[in-house]
Amino acid sequence: MNFTGAHILSIEQFERADIEVLFGTADNMEPYAQRRRITRVLEGAILGNMFFEASTRTRISFGSAFNLLGGDVRESVGMDSSSLIKGESLQDTARVLSGFSDVICMRHPEPGSVAQFASASRVPVMNGGDGSNEHPSQALLDLYTIAKELQGRGRGIDGLRIAMVGDLKFGRTVHSLCKLLSLYQNVQLTLVSPVELAMPEKYIECLRKAGHQVVITDQLEASIAHVDIVYSTRIQEERFSDRAQADLYRGRFRLNQAIYTEHCEPNTVIMHPLPRDSRVEANELDTDLDTNPNLAIFRQADNGLLVRMALFVLVLDVAHLVDRHAKDVPWHNSRDLAK
Amino acid sequence: MNFTGAHILSIEQFERADIEVLFGTADNMEPYAQRRRITRVLEGAILGNMFFEASTRTRISFGSAFNLLGGDVRESVGMDSSSLIKGESLQDTARVLSGFSDVICMRHPEPGSVAQFASASRVPVMNGGDGSNEHPSQALLDLYTIAKELQGRGRGIDGLRIAMVGDLKFGRTVHSLCKLLSLYQNVQLTLVSPVELAMPEKYIECLRKAGHQVVITDQLEASIAHVDIVYSTRIQEERFSDRAQADLYRGRFRLNQAIYTEHCEPNTVIMHPLPRDSRVEANELDTDLDTNPNLAIFRQADNGLLVRMALFVLVLDVAHLVDRHAKDVPWHNSRDLAK
Amino acid sequence: MNFTGAHILSIEQFERADIEVLFGTADNMEPYAQRRRITRVLEGAILGNMFFEASTRTRISFGSAFNLLGGDVRESVGMDSSSLIKGESLQDTARVLSGFSDVICMRHPEPGSVAQFASASRVPVMNGGDGSNEHPSQALLDLYTIAKELQGRGRGIDGLRIAMVGDLKFGRTVHSLCKLLSLYQNVQLTLVSPVELAMPEKYIECLRKAGHQVVITDQLEASIAHVDIVYSTRIQEERFSDRAQADLYRGRFRLNQAIYTEHCEPNTVIMHPLPRDSRVEANELDTDLDTNPNLAIFRQADNGLLVRMALFVLVLDVAHLVDRHAKDVPWHNSRDLAK
């Protein structure tokens, strides 16, 4: 894949070699994201952050990534009701708005909308999420997190043992992760979900075609016993059409320190796409895991900054210029004292 | 008109010589808007983008124009309901907010509100649209577009032949355009609208006083036969008080490639203030015109960036400094490959 | 108090010596806020402006302060309903969002929420207002204004004579001001309010413990006769549980030019936290005071910029670098011609 001037719409664009270029570039962003060095390589550039669907976290992550490279951000949140009422097409919106920026990040509730917008845009467009379809930068930061966590123990993604837990039927992030993992070798996946929320067949086929081993179960404890990564997702009770299943599975996929200690290997890493529902009745990750150094959910969010900076740097073709003229940070940096 | 420190509230402020200064400055902004060069002449300056009425396109156009000159943008969208409930006057709002910026762009649904705000502001205020009254930068970018399109064929605005089509009664943009054209000579206007939505008498008088020829009709095809510019506007059915007229005129002002080929001179330029209603039942410009190089509607929007940059540069008196210290753009520029 | 890396959550953190450091730094910000000089000391830094509760004035004041120091601002206004529905805790939000900035300013309707957020944030957090609890930067800009106005006549805060007028029961700003004044000596306070809206006992105790003289009354005219400062606050009729009191006090605390001339010393300064209700029926400051040079309400708002710049500079430990590399402002500055 040639990154220069490319739209980033789907993880299907990425070959394994592309991932390696992206992750290498993301690694180089670390001093900047950690506020040890400043670069102004994109000074004068403008990111158009078009969030037709609100998402504070993703929007601010892309915006901060662009600021960290020296660029400015112009934003739009929600639908501009006047233009909508006036029947403006996405293509017209794209032609006009793309005149005002150098790169666009777009989020929209309708699947395929971002690709449609990109087709009429005069600048590169990054998909910040198009409904039930994809959220490529999330999938890439998930994979990057997996790679970094394994690297810490001298291993790569090949040979990964991973359990995906929760709502695997509607979970956009696990679908994309499966596709990305199909670029690697010897991955062992355990797919843990209520029967009704099982991973759709097409992703399982994709994994098996890649030569991976796939185990399907609805039993949590056994599944997390011998894995490198547990990737947890939210289960929304409204997703169950069958009330009996909802009752049966309630609380059965909640991970906490006790369950972790009892069942997991001591270095098993826990991931989750966030936001995490921390209410007592939720079916997710308990806050008592917060002091467990293997809870990677916040490192995941931080990695989003690195991956998004890398995407900008590659698409705008300035990778070789980032470190030139880099300066030290003169202000106080709290990060080393961080919780 | 002395641009330095001036409020830009109405096109009535502009004499022909002022338009020439503005358009000359806008021409100089081209390398920057086209991302061939970078200037930071307004580095350290702050634009207060006060959009009490939302308008993504105009707001981002002004914001990007200011970023392209090196400045920062602080924005507000919609009414701050807490201040409103607390009965704060526009003047108090102006005094406070003008302390936080170097120039303000304001949009507000009430006619006259921007002038009222400007009277208490300590910094220059640009009218981004005050309800049914004016939208000066739109009128100026429309005229600039006309000038540029004609310049391409070795002509100026004097002697222009233009057809204005659609809702000429409520169309704020055509009203302002008429006033601006009154600064020129030998303009021939054909005003094409449903009888009930005809151009108000005062604008026709203004045009005749300037010595222009004005023809009034409700027939589209004959009107667009010998013109340099067709300026199309939206007709909203709700504007008709007479149901019979609404039925009579439905679809009668729609322009498409077939009608264009059959009736227009080969170089007739089509303009429209956008957004364009691209739904099948709409009464405007068909998308089959999109491949026609004489469809200038997107060049119009791009010209908005040039005109707004020029307004900032003149009002803040930095025209002579823009090119000093200008640098090349180091990142990938998609614009030359643009659709 | 060590400002470097500190959260600014409450004025209780401030000793008198800290106020002096802060106000000295705020004085140094004057050339920059007045647009005579430009500094880029925080170039590359990002402020996360997290306004879970909207407040245009405070948000733009903090944002402009940060831009004037060279930094970028990423903002969020209102609650992100998707995260809320998903039950995300404030701590999780803090951990994630604090990865995207160098300092955060937060406003939230719930008392204590900002401190809770700060406890999980990896960067310094400034309280932009947490419901009925505190709004520290407002209290500090109020005290700074008092100090500046008195300095103009060769006096300090010790020995201040001040009347606080209006709703002293629910007025967050007067509560904080009382606490701050307790750091000084020989202050004479007259607390003027409807009986039902009297200053809570705990603040009066705090003032008396500091050795200050406190007079309590519901009579306006006598109270403003011999004071340096009249601090006026809004009275909302809904605050009265007793309808008879609401009727009794209506219009009894309105200050206008006639009352001022008749009762106040010629140099008595009038302050108000803004926004001011300028409607005829309101119980506050009449607009006929606008030409009175002792009406300090807009200087108060401008001082907010100085105090907030000073807070950023101290918390991020760049006070000694601000003036280094400072440059002249090349664009037109309207401020000297300001109303």
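Here is the naming used below: chain letters follow the sequence lines, and residue numbers restart at 1 for every chain.
The pair C:Asp302-B:Arg122 meets the salt-bridge criterion, since a charged nitrogen lies less than 4.0 angstrom from a carboxylate oxygen.
Per-residue heavy-atom pair counts under 4.5 Å with chain C were compared for B:Val313, B:Thr4, B:Asp317, and the maximum is reached by B:Thr4. Counting heavy-atom pairs closer than 4.5 Å to chain C, the top residue among B:Asp102, B:Ile46, B:Val41 is B:Asp102. Ranked by heavy-atom pairs under 4.5 Å with chain B, the first of C:Ala33, C:Pro330, C:Ser61 is C:Ser61. For the set C:Val73, C:Leu305, C:Leu69, the entry with the most heavy-atom pairs within less than 4.5 Å of chain B is C:Val73.
When all heavy atoms of B:Arg308 and B:Gln138 are compared, the closest pair comes out as NH2-N, 4.0 Å.
Cation-pi geometry between B:Arg37 and B:Tyr32 is not satisfied (NZ or CZ under 6.0 Å from the ring centre, within 45° of the ring normal).
Heavy atoms closer than 4.5 Å to chain B are found in both the backbone and the side chain of C:Ile60. At a 4.5 Å heavy-atom cutoff, the contact between C:Asp290 and chain B is made by side-chain atoms alone. Contact of B:Glu43 with chain C is made through backbone and side chain together, with heavy-atom distances under 4.5 Å. With a threshold of 4.5 angstrom between heavy atoms, C:Asn67 approaches chain B through its backbone and through its side chain. Residue contact with chain C, scored on non-hydrogen atoms closer than 4.5 Å, involves the backbone and the side chain of B:Val123 alike.
Between B:Asp27 and B:Tyr144, the side chains place a donor N or O and an acceptor N or O closer than 3.5 Å (distance only, hydrogens not considered).
For the side-chain hydrogen bond (donor to acceptor under 3.5 Å, both in side chains) with C:Asp142, the qualifying choice from C:His272, C:His135, C:Gln300 is C:Gln300, the only one to do so.
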List the steps, then state whether salt bridge (Lys or Arg N to Asp or Glu O under 4.0 Å) holds for C:Arg107 with C:Glu53. CA-CA 6 Å; C:Arg107 186 178 179 105; C:Glu53 177 184 68; 3.0 Å; yes
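Checked against the 6.0 Å centroid criterion, the rings of B:Phe62 and B:Phe66 do not qualify as a close aromatic pair.
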